[in-house]
Amino acid sequence: MKSLEDLEKLKKEVLEKMKLRETEDKIKVVVGMGTCGIAAGAREVMTSILEELGKRNLNDVLVSQTGCIGMCGEEPLVDVLIPGKEKVTYGKVDPQKAKQIVAQHVVNGIVITDWLVNKIE
C-alpha cells in the first residue's frame, strides 16, 4: 500500500465483500444436508427450492445448508427464517412440498402448519 487512495480502495473492496455476508434483512431457507438428510432426499429438496426461486426470480432469498440437527426421523428438514418472525421448521419435505413452501411461505408469508416440526401449541 503506497497511498491514502490505495487504503480507501481497499476499504471500499472490503466493505463490498462484507455486504454479501449481511443477511439480517433477507429471507433465509436452510436445508438439512447431514448424512441422514441426504439419504432422505435433501439434495432433491435443495434443487427444487433453487429451481422454484429461480423460476420466480427471487434473487434476494438466501439458501444454505446445515448438518444434522438430531431429528433424523423428520428429514429432509427445511428451515424458513423471515426477518422479524420465528424460525419455522418443516419436516419430511419432498421436492413438491419444497416448491409449495417457496410459493406459500417464502412468497406469501403463509406457514403450512401441517408440515411443521416445531409446532407451537
Side-chain angles (χ1 to χ4, degrees):
M1 194 160 323
K2 297 180 180 178
S3 67
L4 188 57
E5 288 80 28
D6 289 343
L7 181 60
E8 287 293 327
K9 182 180 175 187
L10 179 62
K11 178 182 174 184
K12 186 177 178 181
E13 289 173 8
V14 170
L15 289 174
E16 287 297 318
K17 287 179 183 176
M18 290 179 69
K19 280 184 184 176
L20 294 174
R21 296 185 198 169
E22 293 176 8
T23 59
E24 291 180 10
D25 61 337
K26 290 184 176 181
I27 296 174
K28 291 189 262 183
V29 177
V30 182
V31 179
M33 297 286 280
T35 305
C36 51
I38 292 170
R43 286 188 200 278
E44 292 79 9
V45 168
M46 174 74 90
T47 300
S48 182
I49 290 168
L50 292 171
E51 286 175 356
E52 191 65 20
L53 290 171
K55 194 167 74 178
R56 295 171 178 269
N57 291 323
L58 297 172
N59 300 320
D60 58 342
V61 177
L62 177 67
V63 180
S64 66
Q65 62 185 47
T66 189
C68 178
I69 60 170
M71 295 193 297
C72 303
E74 298 292 331
E75 293 284 357
L77 291 163
V78 173
D79 292 333
V80 176
L81 299 99
I82 297 177
K85 298 187 178 182
E86 288 197 35
K87 177 177 83 173
V88 174
T89 302
Y90 293 102
K92 298 185 179 179
V93 178
D94 61 27
Q96 192 58 39
K97 286 181 179 178
K99 289 180 181 180
Q100 291 178 330
I101 290 168
V102 170
Q104 289 190 40
H105 193 163
V106 174
V107 173
N108 295 315
I110 301 168
V111 177
I112 306 169
T113 56
D114 291 346
W115 304 338
L116 292 182
V117 172
N118 61 345
K119 291 182 182 177
I120 298 171
E121 305 286 334

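Residue numbers run from 1 in the order of the sequence given. All of these numbers come straight from a predicted model, not from anything done at the bench.
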So which heavy atom on [X] is nearest to which on [Y], and how close?
X: Pro95; Y: Glu44; answer: CG-CB, 3.8 Å
X: Ala42; Y: Gly32; answer: CB-O, 3.2 Å
X: Gly37; Y: Glu75; answer: CA-OE1, 3.4 Å
X: Lys99; Y: Ser48; answer: CG-OG, 3.2 Å

Nearest 0.5 Å please: distance from the [atom1] atom of [X] over to the [atom2] atom of [Y].
X: Leu4; Y: Lys9; atom1: CG; atom2: NZ; answer: 14.0 Å
X: Asn59; Y: Lys26; atom1: CG; atom2: NZ; answer: 9.5 Å
X: Thr89; Y: Met71; atom1: OG1; atom2: CE; answer: 5.5 Å

Exercise. Side-chain contact, heavy-atom cut-off 4.5 Å: Thr47 with Leu50?
Worked result: no
Exercise. Taking the side chain as C-beta and beyond, is there a heavy-atom pair between Leu116 and Tyr90 under 4.5 Å?
Worked result: yes
For this session: Scan for salt bridge (charged side-chain N to carboxylate O under 4.0 Å, His left out) pairs involving residues 55-65, sequence neighbours excluded, and state none if there are none.
Result: Glu52-Lys55, Glu52-Arg56
For this session: Take Val88 and Trp115 through the test side chain to side chain contact (heavy atoms under 4.5 Å, CB included) and record every step on the way to the result.
Result: CA-CA 10 Å; Val88 174; Trp115 304 338; over 6 Å; no
Exercise. Which one of Val106, Val78, Ile101 satisfies the side-chain contact (heavy atoms from CB on, under 4.5 Å) criterion with Ile49?
Worked result: Val78
Exercise. Are the side chain of Lys28 and the backbone of Ser64 linked by a donor-acceptor contact shorter than 3.5 Å?
Worked result: no
For this session: Check step by step if side chain to side chain contact (heavy atoms under 4.5 Å, CB included) holds for His105 and Ile82.
Result: CA-CA 9 Å; His105 193 163; Ile82 297 177; 3.5 Å; yes
Exercise. Is there a chain of hydrophobic side chains (I, L, V, M, F, W, Y, each step under 4.5 Å between heavy atoms) that links Ile27 to Leu81?
Worked result: no
Exercise. Is there a chain of hydrophobic side chains (I, L, V, M, F, W, Y, each step under 4.5 Å between heavy atoms) that links Leu58 to Val30?
Worked result: no
